[in-house]
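Data block below; observations after.
In this text the structure is predicted, and so the values were computed from the model without any measurement.
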Amino acid sequence: MAYSNSSEAIEALAAELGKEVYVDVAKWHLYLRDAHLNTPLAEQIYPLLEKGVPTEDEVLGILRGIPVKLGGGKHEVSLLDLLPVQSQIQLMDIVEAFQQKL
């Protein structure tokens, strides 16, 4: 599916990420859309998709660079630290499949 512009593509990617990828906090699954982290993640991944399928290291670097505030901002951890391995695999699967649609 071709998107008419990059904003539309980013929104579509954010929607897919938001409903499938979650962070794990004390065995609770908080999906990225509920944490409002899906759009910032999609905005950073999309430019890589325009060049092809990003490597796992590139995606992990993006996840490492997205800070998530905890405890009302008293603590900050990277998004990568909150994603379980299964969620990271799901993220890569979504990214690869989405790139094929571009």
Side-chain angles (χ1 to χ4, degrees):
M1 171 181 201
Y3 297 97
S4 60
N5 60 48
S6 61
S7 295
E8 186 179 301
I10 290 169
E11 287 177 20
L13 177 59
E16 287 188 44
L17 294 173
K19 69 180 180 181
E20 299 294 333
V21 180
Y22 60 87
V23 297
D24 187 315
V25 178
K27 299 195 189 260
W28 284 71
H29 293 177
L30 177 62
Y31 286 85
L32 295 188
R33 73 168 172 249
D34 298 325
H36 304 284
L37 294 167
N38 57 325
T39 300
L41 180 58
E43 289 171 341
Q44 291 191 40
I45 290 175
Y46 182 74
L48 297 177
L49 289 172
E50 292 181 311
K51 301 172 190 169
V53 177
T55 66
E56 184 176 1
D57 286 340
E58 289 173 318
V59 174
L60 293 178
I62 288 171
L63 293 171
R64 231 178 253 110
I66 296 178
V68 179
K69 294 181 190 254
L70 303 173
K74 291 189 285 185
H75 300 282
E76 188 174 281
V77 297
S78 75
L79 182 52
L80 178 61
D81 291 335
L82 296 174
L83 291 181
V85 172
Q86 184 58 41
S87 213
Q88 290 175 30
I89 292 168
Q90 183 68 24
L91 170 62
M92 288 305 300
D93 290 345
I94 291 168
V95 167
E96 290 172 13
F98 194 84
Q99 203 285 327
Q100 299 301 316
K101 296 178 192 176
L102 292 180

Is a side-chain donor or acceptor of Gln88 paired with a backbone partner of Leu83 at a separation under 3.5 angstrom?
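It does hold such a pair.
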Mark yes or no for whether Ser87, through its side chain, and Tyr22, through its backbone, hold a donor-acceptor pair below 3.5 Å.
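Indeed, once roles are kept as given, a pair shorter than 3.5 Å links the two residues.
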Candidates Arg33, Gln90, Lys101 - the one meeting side chain to side chain donor-acceptor pair (under 3.5 Å) with Glu16:
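Looking at Arg33, Gln90, Lys101, the match for Glu16 under the side chain to side chain donor-acceptor pair (under 3.5 Å) is Lys101.
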Tell me, which pairs form a salt bridge (Lys or Arg N to Asp or Glu O under 4.0 Å) where one or both residues lie in residues 76-98, sequence neighbours left out?
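Of all non-adjacent pairs touching residues 76-98, those that pass salt bridge (Lys or Arg N to Asp or Glu O under 4.0 Å) are Lys69-Glu76.
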From [X] atom [atom1] to [Y] atom [atom2], the distance as rounded to the nearest 0.5 Å:
{"X": "Leu91", "Y": "Ile62", "atom1": "CG", "atom2": "CD1", "result": "9.0 Å"}
{"X": "Thr39", "Y": "Gln44", "atom1": "OG1", "atom2": "CD", "result": "12.0 Å"}
{"X": "Ile10", "Y": "Leu41", "atom1": "CD1", "atom2": "CG", "result": "11.5 Å"}

With a 4.5 Å cut-off on side-chain heavy atoms, are [Y] and [X] touching?
{"X": "Leu60", "Y": "Leu80", "result": "yes"}
{"X": "Leu48", "Y": "Gln99", "result": "no"}
{"X": "Leu13", "Y": "Leu49", "result": "yes"}

Between Glu58 and Lys51, does any NZ, NE, NH1 or NH2 come within less than 4.0 Å of an OD or OE carboxylate oxygen?
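Salt bridge: no.
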Side-chain heavy atoms under 4.5 Å apart, restricted to Ile/Leu/Val/Met/Phe/Trp/Tyr: what other residues fall into the cluster of Val85, or is it alone?
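When side chains under 4.5 Å apart are linked, the cluster holding Val85 also contains Ile89.
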Would Val21 and Leu37 count as a side-chain contact (heavy atoms from CB on, under 4.5 Å) here? Give the steps.
CA-CA 10 Å; Val21 180; Leu37 294 167; over 6 Å; no
Do Leu32 and Ile66 share a hydrophobic cluster (ILVMFWY, side-chain heavy atoms under 4.5 Å, transitive)?
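Hydrophobic grouping puts Leu32 with Ile66.
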